[in-house]
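These notes are about the structure you will find just below.
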Amino acid sequence: MSPLDRIANVSVLKQHEVDKLYKVENKPIVSTSDQLCFLVRPRIKNMKYVADIVNADKAMGRSRKYKIIFSPQKFYICELVLEEEGIYGDVSCDEWAFYLLPLDEDLLSMELPEFFRDYFLEGDQRWISTVARALQLLNSLFGPFANTYGIGRCAKMVYEVWRELVEESEGDSQARRPEISHVFLMDRDVDYVTALCSQVVYEGLVDDTFRIKCGSVDFGPDVTSSDRSFKVLLNAQDKVFSEIRNEHFSNVFGFLSQKARNLQTQYDRRRGMDIKQMKNFVSQELKGLKQEHRLLSLHIGACESIMKKKTKQDFQELLKTEHSLLEGFDIRESTSYIEEHIDRQVSPSESLRLMCLLSVTENGLIPKDYRSLKTQYLQSYGPEHLLTFHNLKRIGLLTEQAPGETLTAVESKVSKLVTDRAAGKLTDAFNSLARKSNFRGISKKLGLVLERKGWLGLEEVVRLLNGNEFAPTEPVMEENPAWEAQRVILAVFLGGCTFSEISALRFLGKEKGYKFIFLTTAITSSARLMDAMLEAKV
Amino acid sequence: MAWNLKEDLRDCLVAAAPYGGPIALLKNNFRKEKSPGSRPLLEIYSASGVPLASVLWKSGQVVELGWTASEDLLCIQEDGTVLIYNLFCEFKRHFSMGNEVLQNHVREAKVFHTEYGTGVAILTGAHRFSLTTNIDDLKLRRMPEVPGLQKLPSCWAVLSQDRVTIILLAVGQDLYLLDNTSCSVVTPPGISPHAGAYVQMAVSFNYRYLALFTDTGSIWMGTSSLKEKLGEFNCDFRAPPRQMVWCTRPRSKQRAVVVAWDRRLLVAGNSKECIQFVLDEDSYLVPELDGVRIFSCTTHEFLHEIPEASEEIFKIASMAPGALLLEAQREYEKQSQKADEYLREIKDQNLLAEAVRQCIEAAGYEHEPETQKSLLRAASFGKCFLDKFPPESFVWMCRDLRVLNAIRDYQIGVPLTFAQYKQLTIEVLLDRLVLRRLYPLAIKICEYLRLSEFQGVSRILAHWACYKVQQKDKSDEEVAHAINQKLGDTPGISYSEIAARAYDCGRTELAIKLLEYEPRSGEQVPLLLKMKKSQLALNKAIESGDTDLVYTVVLHVKNELNRGTFFMTLQKQPVALSLYRQFCKHQELETLKDLYNQDDDHQELGNFHVHSSYSSEKRIEGRVAALQNAVDEYYKAKNEFAAKATEDQIKLLRMQRRLQDELDKPYIDYSLHDTVYNLILDGHHKRAEQLYRDFRIPDKRFWWLKISALAEREDWEEMEKFSKSKKSPIGYLPFVEICMKHHNRHEAKKYAARVTPEQRVKAHILVRELDQAADAAIEHKNENEMNLVLSKCTAATDSSVVEKINRAKAQTLKK
């Protein structure tokens, strides 16, 4: 499902006399329509695509009307490219200031997956102002933000641009009661570890396995156990899903079977009903039950499918390796596990993910491993990944340990705490929460999280961020001593966040009585992060 | 009049703008000999005759002057060129009325105002009309020819009907109507057949009425659609009048035409009678919305129909409520009891509210502050005896009158009537004051009327600042400082606009100084670019965090500077550099290379070549060459790993090519792993071995790869041979796994026997020999393994195994 589907699906578009929809990719368009409309991001690549189509039409002597709608805004560079390609006069342009797509009750996505590569790898700041405008939009809808905190360079820039927007529009906004009490801006690069780990909560696993697109997932024939595949919207509306989404995977199956039994008893109630009751049952409950039944069978199918896939790849082994990487022991063993992973060509992005996880947790690979793993990888997946490695090095995901800096994972975490100031602390909080919730189900160590909740608590973090020592980039607008009973906290992820992180914060929110709202540039996962770095053959 | 005119008005070309607008005079225009001493002189005065500016006319012969709706002066020259000057005789721009006009010369011209703006109509020497309805959006229209027109029409006028502009012209006794496409003859309804030839015509201010004057002295008045006659008047004067204009008031039933001869003024209306005035000097009539302004060398008067409210109050022996109220108030001031009588009389008729309303309204029509005051006082007095009389009308009238009196002052010289003021609106009035550079007055008015800062004070301050930067006698610092002092952070002020104005006056330094005050970087950049301050513009753009802006600057700078300097500039700005690189990646690959060369960025150059080796190069030779380049660059970058890897890739490519030629199968673009895999798959074991040696493929990988390929080939014999060639570096469990993957349990069992003891349980489970697995687990006394085996057991088939394990477990427990 694409963002456009969420807003105006094909049938709506058809009602408005859209003849056919095409994907923007390098394929010629075969259509007899005399008008073409392009809905694109303002990128040079897209402009060249449009130019190719227009020029092809010109060569064939066909005249059409062309309209380019830039979302969220038009860039000068695009017009320039159109001009250089000689089609500036043939197209008309428009802008669609689209910023936020609500995926769920507490989740807003900007649907900008390219943000991650653009900003963190290419150093392109084009989306900074876009995010700032999205913030401003929320600001104008829900009243001023009482407290804003940021971690990372990008967060700081977004904050500054946003402040400027606020100042510009000041005057036309009346003083309102702030509905959002805290805003946290986080750069993706302050914490790669969480994103690189395998996800173990149900929603994350579904994403890793089937790829959730725009809050909807395409369950294939192996899940639906029919020859058709189903599109399912995954959000809080789905009663079954909303109960299992944040659960550890190992709990999910049990839960689902319990649910199935409940459902059965509800169905069974109809035995021994008189006609009136039966009528009631059919008219009122049956539809809901049927619906629930359908969803239940889909999720059970999905679980089975995940199980099948995960056991095949020896999921437990994988988790064990990740676990030891995080804890910083058995490094050699893990390294050879990764090596085997590469040698057997399990999957290019999985192998890369493990290499990155090793590098991030170990503060860089030791030179020997660095060279040999890369060589292995090139032999397995092709030489063009030489450039992928360059990308990863630049972004800091896969690096070589500088001599004399052999730190254990624990030590490096400590050093991170020092250098990243409070940043590390907050993300570590998320980290360990995410991680603990990962293992929560397995080891029943739920107590561990609770035990440390004081440390995880927001007050602590706030205090840390407010302390002068830690707050060069953390602006404090005004301290609002009268806390609302239900604190609403907006967590903004610059560069994407994973479902596991969302689950972790939802969990934290439930524990502490906060309501978290998530604003992310896009939903990401380890595979998506890696894909963004890949330098693939075109 | 404050002016000191030596010339007769009739010797000058005169134009006066409506709404109390300025007066322009062009002196000496009609002299034929053009000696330098007698050049025409263009002078502009306020309506009160205060000189605003003058300039010696050096351009061509002027035919007509006229004012635009925004109070710019249009000077229409004989050659069809129209020059536009502002109130202060400063040249703004010019435009031409087209070639046809240029060739045939302008004989007559008229400036007119419609809802589209200010238009110009021209009658050429070829007796053709050309017109444009809006000089700001110039579209010339050539009107159709009048058939048989041999001489200039005796008179003509521009009409605007249903948003179409048409021309009415008279030739002798005939009237013609010219619209866009055709020319038609028309006859005014009810005109007497003996009326004679038309010599003058007048259209009312709102284009609704038309008056025609014939050479028999007859005046026909009717609607301008020529469908209805309103009246006719016969006067004794047959001479063509100098001017004829309508004098009516909006929404009034009375309509009158004012006709002026040299020394006579006649007001003719709907009755048999007319009013005549004697003119002592040359006079000039200016039609207004609600009357006629008449000015001469010494005086400036306003002729209008007395409004009903004023008439009621001031008519002799009037018993209208307003009149009584005014009287009552006067008696009250005299402390006379008559006040009560008058008041009682009004109140008895229940007309007090009406009386107050009349007094307020009448006050608006008065020009004398004393009269205004007495009327307002009366109104205020009357109000005391009324409950619930809404105060707004009174308050607003006081405010409006205060403003009107201020601008009517002769030094300001904008004699607006109340009706004109309301029609014009306060915003336009402020604009006009700004145009006259009366900034303090404009600001005072804004403050007095409590207009919002955004549309009021700050707008005026901005105008002031724009004017200020044009004062050349002050230094840049002084001006910038003065402007910032006054403007500060007033909302709605655009410093960049002011700076742009400064730059237009050639004061670049001042412009830069002013831009420093501009809080929005986005606004600073375009002007900085225009001023060729690209470095500064780039800094500002980057500061703004607006990628679009940075791109704009970068691409602008790229065209402006030579390549070397451009690259140097980018060096200092990493953000800009990375953006430009992205641009180059898509649009100018060669430039990208140059860019890296310039930086001696060998790493990126290497990457560049690698990228082109698989994206743009198609031939093997080209690809090898690109990779060779990459190798060189990587060595320069001291990146030995990358260099080695690339060298390997070259080797591989060459090898793949040879394989392709010899085996006639595609190998190119496979990774090393896939190449070897495919070789084995096709049974070329020798060649595979060679690659294995040449590329020093690690043993483990090779073994994995080989057994997978062999299994896929189902070459179990070869696999067995291979397994025995030497000790497996990956153990034998993978053999088991792979055989099982390809559903060959028989083969798998062979290898299951060979796995190391630690892996034996797993292997047996894999080949589904649970019994043996259980034995192995029990042998190892490993509870985990036992459980693993148990979990694989199903009660139906494997009960003996379960039993065995449970027994063993129980035993271990006992110990």
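So that the names make sense, note that chain A is the first sequence line, chain B the second, and so on, each numbered from 1.
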Check whether more than 12 heavy atoms from other residues, nucleotides or ligands sit under 6.0 Å from atom CD of A/E84, and answer yes or no. yes
ask   = Going by heavy atoms in the side chains, are A/K45 and B/K585 under 4.5 Å from each other?
value = no
Checklist entry - Are A/Q73 and B/D548 close enough that a side-chain donor and a side-chain acceptor fall under 3.5 Å? => result no
### Task
Count the heavy atoms belonging to other residues, nucleotides or ligands that lie under 6.0 Å from NZ of A/K393, then report whether that count exceeds 12.
no
- Message: Check this for me: A/E333, atom CD, are more than 12 non-hydrogen atoms of other residues, nucleotides or ligands nearer than 6.0 Å?
- Response: no
| message | Checking A/E384 against B/V610 for the side chain to side chain contact (heavy atoms under 4.5 Å, CB included) test, could you report, in this order, the C-alpha distance in whole Å, the side-chain angles of both residues, the deciding distance, and whether it holds? | response | CA-CA 7 Å; A/E384 65 275 9; B/V610 169; 5.7 Å; no
Under 4.5 Å to a heavy atom of chain B? For A/K74 that would be backbone
With chain B, the option among A/F389, A/Y370, A/F75 that has the most non-hydrogen atom pairs under 4.5 Å is A/F75
- Message: Measuring only between side-chain heavy atoms, which start at C-beta, is A/L387 closer than 4.5 Å to B/Y614?
- Response: yes
Test side chain to side chain donor-acceptor pair (under 3.5 Å), reference B/H673, set A/Q376, A/Q345, A/R344, output is A/Q345
The interface call for B/Q649 against chain A, heavy-atom contacts under 4.5 Å, is side chain
Practice problem: Check step by step if side chain to side chain contact (heavy atoms under 4.5 Å, CB included) holds for A/E340 and B/K700. | Solution: CA-CA 8 Å; A/E340 190 185 312; B/K700 277 188 184 173; over 6 Å; no
Kindly indicate, with the supporting measurements, whether the criterion salt bridge (charged side-chain N to carboxylate O under 4.0 Å, His left out) is fulfilled by B/E604 and A/R394. CA-CA 12 Å; B/E604 283 294 352; A/R394 193 148 83 192; 2.8 Å; yes
Distance col, row A/C78:SG vs B/Y551:OH, nearest 0.5 angstrom, shows 8.5 Å
The interface call for B/F702 against chain A, heavy-atom contacts under 4.5 Å, is neither
Turns out that what part of A/Y381 lies under 4.5 Å from chain B's heavy atoms comes down to backbone
In this structure, CG of A/L378 is separated from CG of B/L652 (nearest 0.5 Å) by 11.0 Å
Per-residue tally against chain B (heavy atom, under 4.5 Å) across A/E79, A/R43, A/M47, A/E122 peaks at A/E122
- prompt: So, B/T552 side chain and A/Y76 main chain: donor-acceptor pair closer than 3.5 Å or not?
  reply: no
_Test side chain to side chain contact (heavy atoms under 4.5 Å, CB included) on B/R701 and A/I342; report intermediate values, then the result._
CA-CA 9 Å; B/R701 173 193 289 279; A/I342 297 168; 4.0 Å; yes
Value for CD (B/Q582) from CG (A/D124), rounded to nearest 0.5 Å, stands at 4.5 Å
Honestly, the part of B/Y634 sitting under 4.5 Å from a heavy atom of chain A is side chain
All heavy atoms of A/T375 vs all of B/F641, minimum pair found to be OG1-CE1, 3.3 Å
Between B/S671 and A/G382, the two heavy atoms sitting closest are CB-N, 3.3 Å
Open item on the list: Determine whether A/I77 and B/L555 satisfy the following criterion, side chain to side chain contact (heavy atoms under 4.5 Å, CB included), listing intermediate values before the conclusion.
Closed with: CA-CA 8 Å; A/I77 186 83; B/L555 295 172; 3.1 Å; yes
Heavy-atom side-chain proximity of B/Q603 to A/H390 below 4.5 angstrom:
yes
Output for pair (B/D648 CG, A/Q379 CD), nearest 0.5 Å, gives 7.5 Å
Here the gap from A/N391 atom CG to B/N607 atom CG, rounded to the nearest 0.5 Å, amounts to 8.0 Å
